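Have a look at the structure below before the remarks.
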Amino acid sequence: MNGDLFIKNASQIITVSGVAAKRGKEMGDIGVIEGGAVLVQNGKITAVGKSPELEARVDGATETIDAAGRIVLPGFVDSHTHLVFAGFRADEFLLRTQGASYMDIMKRGGGIQRTVNDTRNASKESLERSALNWLDHMLEFGVTTVEAKSGYGLDRDTEIKQLEVMQSIDRRHPVDVAATFLGAHAVPPDYKGRTAAYLEFLRQSVMPEIREKGLAEFCDIFCEKGVFSIEQSRIFLESARKMGFYLKIHADEIFPLGGAELAASLGALSADHLLMASDQGISNLARKGVIATLLPGTAFCLKEPYARARHMIDRGCAVALATDFNPGSCATFSIPFIMAVAVMQMGMTIEEAITAFTLNGAAALMRSHLIGSIEPGKWGDMVVIDYPSYGFIPYHAGMNPVQLTIKKGNIVWRREKGTCYPVSP
Ligand code: NIG
Ligand code: FE
């Protein structure tokens, strides 16, 4: 059920307004209304402005939130996660702190393959229970839309099982879940040395069924040295596009392979990670309007250098931020943590980080006409935060100040006890 809601007296409403990804300098323009109000009717935003003006238009029966001393932002869009999985890999994390590399662990049969084994053995019900639990906690961080990738099956049944779990949790939970097929996440042992044959199997025997059943909108590939090459990725993604998928690429995450250049030449929707992207690749992404989805939590957990966000934005790229939540390379979905890293380590301004986690995240999921900003016509997806101004977000690095999460005009999560931040009267 879509809701009616009136939020008034907010110290700041951060509108972000726009219906397409903001690029370059535009990312700093987040449209702040001091003393603002928002009206949501039947799930959609119908008015945004100064509080006294809007108050005069609202009847007394509408549920009203007094947001005095607090800020209101568009609900966060986490546009890159791998949230449907079984088992954990904390021991690998510890090995990495002692110097082991992500790819070495993967070559020794750990890494993605280990989660594949656990996910194949897990029942659909248990995967669903665990994913619903993650979504509950994502709501606490103000996330209202999340993307989830398959890729822990690497066989027909388990890939479909993961995608069916996403479809089911999307229906059952207030957070919207956008599904991506990532069957090309690794080469499974039974195809060892036959990478092209594995991709052919996916194309012929798995992807048509996924499209037919409407189980995924996006298709992704782990284009990486020792996994899928540039040429294999190109051929694979071109046929995915023909089947109707929007394209995403895990690009230049660990080795500078030219994934950014590939994403640009394909006109992909997004190129993700980009830790090692070249100058040329970055210019090409900017020119072709491919969204550069950056995942600072992964660089942090892999102890790798951060993607060059400042350079990308200065070259005119549209940058999105996401968590990459998964059991291997980044096991956190804390939005304030990721934002603080982006601001402190990657040269992004807080305004750019906000755009990156809202409108640009929505654009990376083909939803920027529906969500990602606070303006008439968009869904009433918002987060009320217990800070007097948005500048407090990176300042209180990693702390969770979310007071209310609102989905389509309904309050779907409310902090019962108040945050650590003392709200001014
Ligand atoms: O985005 N690099 C490939 N995939 C994930 C990690 C998956 C895993 O380690 O389980 C990533 O980093
Ligand atoms: Fe990822």
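Being a predicted model, the structure only gives us computed values, none of them experimental. Both counts, for ligands and for their atoms, begin at 1 and track the order of listing.
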Checking distances from the Fe ion (ligand 2), one finds that the N, O or S atom of H80 closest to it is NE2
Any atoms of ligand 1 less than 4.0 Å from a non-hydrogen atom of [X]? List them with their elements.
| X | result |
| --- | --- |
| I112 | 7 (C), 8 (C), 9 (O), 10 (O) |
| H82 | 1 (O), 4 (N), 5 (C), 11 (C) |
| N326 | 6 (C), 7 (C), 8 (C), 9 (O), 10 (O) |

Among T358, D381, T15, which residue meets the side-chain contact (heavy atoms from CB on, under 4.5 Å) test with P74?
T358
Is it the case that over 12 heavy atoms from other parts of the model lie below 6.0 angstrom from the CE atom of M243?
yes
Other residues, nucleotides and ligands only: do more than 12 of their heavy atoms fall within 6.0 Å of OH on Y191?
yes
Checking a contact table here: which protein heavy atom is nearest [atom], and how many Å away?
| atom | answer |
| --- | --- |
| atom 6 (C) of ligand 1 | Y102 OH, 3.2 Å |
| atom 12 (O) of ligand 1 | S329 OG, 2.6 Å |
| atom 3 (C) of ligand 1 | H185 NE2, 3.4 Å |
| atom 2 (N) of ligand 1 | E253 OE1, 2.8 Å |
| atom 11 (C) of ligand 1 | D324 OD2, 3.2 Å |
| atom 7 (C) of ligand 1 | Y152 OH, 3.3 Å |

How long is the span from the NE2 atom in H80 to the CD atom in E147, to the nearest 0.5 Å?
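If I round to the nearest 0.5 Å, the distance is 6.5 Å.
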[X] and [Y]: side chain donor to acceptor below 3.5 Å:
| X | Y | result |
| --- | --- | --- |
| Y102 | E92 | no |
| K407 | T144 | no |
| E128 | S168 | yes |
| H273 | D252 | no |

Quick one: does [X] get a heavy atom under 4.0 Å from ligand 1?
| X | answer |
| --- | --- |
| E224 | no |
| M106 | no |
| F85 | no |

Ligand 1 to T115 polar contact by distance, N or O atoms, under 3.5 Å
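It does not: no N or O of T115 is found under 3.5 Å from an N or O of ligand 1.
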Under 3.5 Å, N or O to N or O, is T298 touching ligand 1 that way?
no
Test side chain to side chain donor-acceptor pair (under 3.5 Å) on T298 and D324 and set out the steps.
CA-CA 7 Å; T298 309; D324 197 22; 2.8 Å; yes
Examine H82 and say whether one of its N/O/S atoms is closer to the Fe ion (ligand 2) than 2.8 Å.
yes
May I ask you to check whether D220 brings an N, O or S atom to under 2.8 Å from the Fe ion (ligand 2)?
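No, D220 does not qualify, because none of its backbone or side-chain N, O or S atoms lies under 2.8 Å.
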What angle, in degrees and rounded to 10°, do you get at the Fe ion (ligand 2) when you join it to NE2 of H250 and to OD1 of D324?
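Angle NE2(H250)-the Fe ion (ligand 2)-OD1(D324): 170°, rounded to 10°.
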Looking at F85, F236, Y152, which one forms a ring pair (Phe, Tyr, Trp, His ring centres under 6.0 Å) with H185?
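Only match with H185 under ring pair (Phe, Tyr, Trp, His ring centres under 6.0 Å): Y152.
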Between Y387 and Y395 (judged by ring centroids, cut-off 6.0 Å), do the two rings come close enough to count as a pair?
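No: the rings miss the under 6.0 Å criterion.
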